[in-house]
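These notes concern the structure reproduced below.
Bear in mind that the values here come from a model prediction, so they are computed numbers and not experimental data.
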Number of protein chains: 2
Amino acid sequence: MTHSNQKPLSLFLGRLLRRSELAQAERQAVLGLKSQVAQVRAHRDIVLLGDQVNSCCLVVDGLAARFDQLADGRRQLTALHIPGDICDLQSVVAPVASWGIEALTTTTVLHVPHAELKRVASEHPGLALAFWRDTIADASILAKWVVNLGRKSAQSRIAHLLCEMGVRMEQAGLGRRAAFAFDITQNQLADAMGLTAVHVNRTLQAMRGDALVRFAGRTVELHDWDRLARIAEFDPAFLQVMRGERELVDA
Amino acid sequence: MTHSNQKPLSLFLGRLLRRSELAQAERQAVLGLKSQVAQVRAHRDIVLLGDQVNSCCLVVDGLAARFDQLADGRRQLTALHIPGDICDLQSVVAPVASWGIEALTTTTVLHVPHAELKRVASEHPGLALAFWRDTIADASILAKWVVNLGRKSAQSRIAHLLCEMGVRMEQAGLGRRAAFAFDITQNQLADAMGLTAVHVNRTLQAMRGDALVRFAGRTVELHDWDRLARIAEFDPAFLQVMRGERELVDA
DNA sequence: CGTAGCTTTGATTGTTTTCAACACATGTGG
DNA sequence: CCACATGTGTTGAAAACAATCAAAGCTACG
């Protein structure tokens, strides 16, 4: 059933507010978006590669990933999405998907129809701008991934991803950067980093032995943030969050 | 001096029209953008890494690239830009650059002030949408680069880039996909593909011996498009051009 | 408690990098 | 017009990094 889901939508609103200032009416428009909840089990595809979609996926709980796939079935993840993220906001204006979306863990998503998003964007130009900015933030991460895949060692890549996720989780209010929920298999990690699962395994072992990282249950702990950031050459600027004025919302 | 440069701007308008329908008034607004011409010699940086900019770079002639850089100076290109492209449209709403722009060949650029772009975007919501779509098209290429860097061999990567550039040049009316101007050094190619110049050299030799590619002066010739596309697993869908309805402009 | 998926291990192979050197073209100033 | 510097393309040998293949433990879940 399609109806208003204020609590999950306030997560998304929070994400928008980290990068754009929105008037009260605009905030209400976001919270009033009609949408539909769904649960997806781990390892299932939420959007199939090449699907034509008419709604966006807002992650409410869990972890999702955008991916592309080669002819032989090998996958490359192109983005990780945490609660509050819309995985495919770009599909609103470019509905021919050349990607797929996969649930990495059991994930709750909100399907928000394109029609709803188009409506609020045209009624509130400030929202159109905020959506544009949101897309740009995703693209900025994508550009950083290109650098990591193109020029960094396995260890540096993994370190960078961990730093990225730590800061994002912290910003989203979902944990501390030094310890946060990150329930990902080494296979999935390999698909994100352009490596094999075996090599990810050995690299993680080395990092663990070096007291840099520990996966504990569904959580990851970063024991030495500074050293990890140095190995990763991590500079959070690319995450494009407005400093200071992080207004939070209580819906 | 800042003034109207209709001819170069019509290149950009053409690019917008390949993905968005624009009313007459919106087209005129684009052509009327105030801007400033500049020439940059090959290998010079147009925008320094981390610069705060207040204008966008529209490529009029030549070849430019967006890049990021590691601490040791090694570069990774994250996008190639041909005439008609705006290298950093995203900077309009995210002016803190976490990237640089480099002239690969001697390049003519048009500096279009953010203020101008913001003005036309707010006066014409259709343009704001077209800008968003343009950003998304760039991001879609970026996602494809992630896949190439993460999961493909040197030869497949290079083949994919050549196919991508061929189709883009053809769409922009700047050549045929099988033969187009591409005046890039093997060093620059290496920076784009996440390889070393030495390995690019050897890979190109193999492809040349295989009658796939030939660099002749400042142009490249793709002698067997189908085979090249197969090696690259190239599917042009990610370039997100509206099929058929490619309206052209005469300014 | 059995099973499927995940992590770990070892041995081997293959791709790509690194380092060093040389050939070749291009453009510049004397 | 030549001498020279610089950047670009090319080659070879060695080393490093990551992939591949195969198999064995481990864990979580039904």
Rounded to the Å, how far apart are [X] [atom1] and [N] [atom2]?
X: L204(B); N: dT16(C); atom1: CG; atom2: C1'; value: 15 Å
X: Q205(B); N: dT8(D); atom1: CD; atom2: C1'; value: 13 Å
X: R218(A); N: dT7(C); atom1: CZ; atom2: P; value: 12 Å
X: D191(B); N: dG7(D); atom1: CG; atom2: P; value: 15 Å
X: Q155(B); N: dT16(C); atom1: CD; atom2: P; value: 10 Å
X: D183(A); N: dT27(D); atom1: CG; atom2: P; value: 16 Å
X: I184(A); N: dG5(C); atom1: CD1; atom2: P; value: 18 Å
X: H43(A); N: dC29(D); atom1: NE2; atom2: P; value: 11 Å

Check: Q186(A)/N201(A) side-chain N/O donor and acceptor closer than 3.5 Å: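 Yes, because at least one side-chain N or O of Q186(A) sits under 3.5 Å from a partner of the opposite role on N201(A).
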Side-chain donor-acceptor pair under 3.5 Å between N5(B) and S35(B), yes or no? yes
In terms of side-chain geometry, is the basic nitrogen of R151(A) or D191(B) positioned less than 4.0 Å from the acidic oxygen of its partner? yes
Closer than 4.0 angstrom, basic N to acidic O: yes or no for R168(A) and D85(A)?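 Result for this pair is yes, salt bridge flagged.
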Rounded to the nearest 0.5 Å, the NE2 atom of H111(B) sits from the CG atom of N54(B) at a distance of 10.0 Å
Taking only side-chain N and O atoms of [X], does any of them lie within less than 4.0 angstrom of OP1 or OP2 on [N]?
X: N201(A); N: dT7(C); result: no
X: H199(A); N: dT7(C); result: no
X: R208(B); N: dT10(D); result: yes
X: Q186(A); N: dT8(C); result: yes

Would you mind classifying the nucleic acid contact of [X] as base, sugar-phosphate or nothing, using non-hydrogen atoms under 4.0 angstrom?
X: R74(B); value: nothing
X: G217(A); value: nothing
X: A197(B); value: nothing

Shortest side-chain distance from L195(A), nucleotide among dG12(D), dA18(D), dG10(C): dA18(D)
Donor-acceptor pair (no angle test) under 3.5 Å: R202(A) side chain, dG10(C) base: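 A donor-acceptor contact between them is present.
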Here's a test of your reading of the structure: between R41(B) and V200(B), which maps to the more 5' nucleotide of DNA chain C?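 This one resolves to V200(B).
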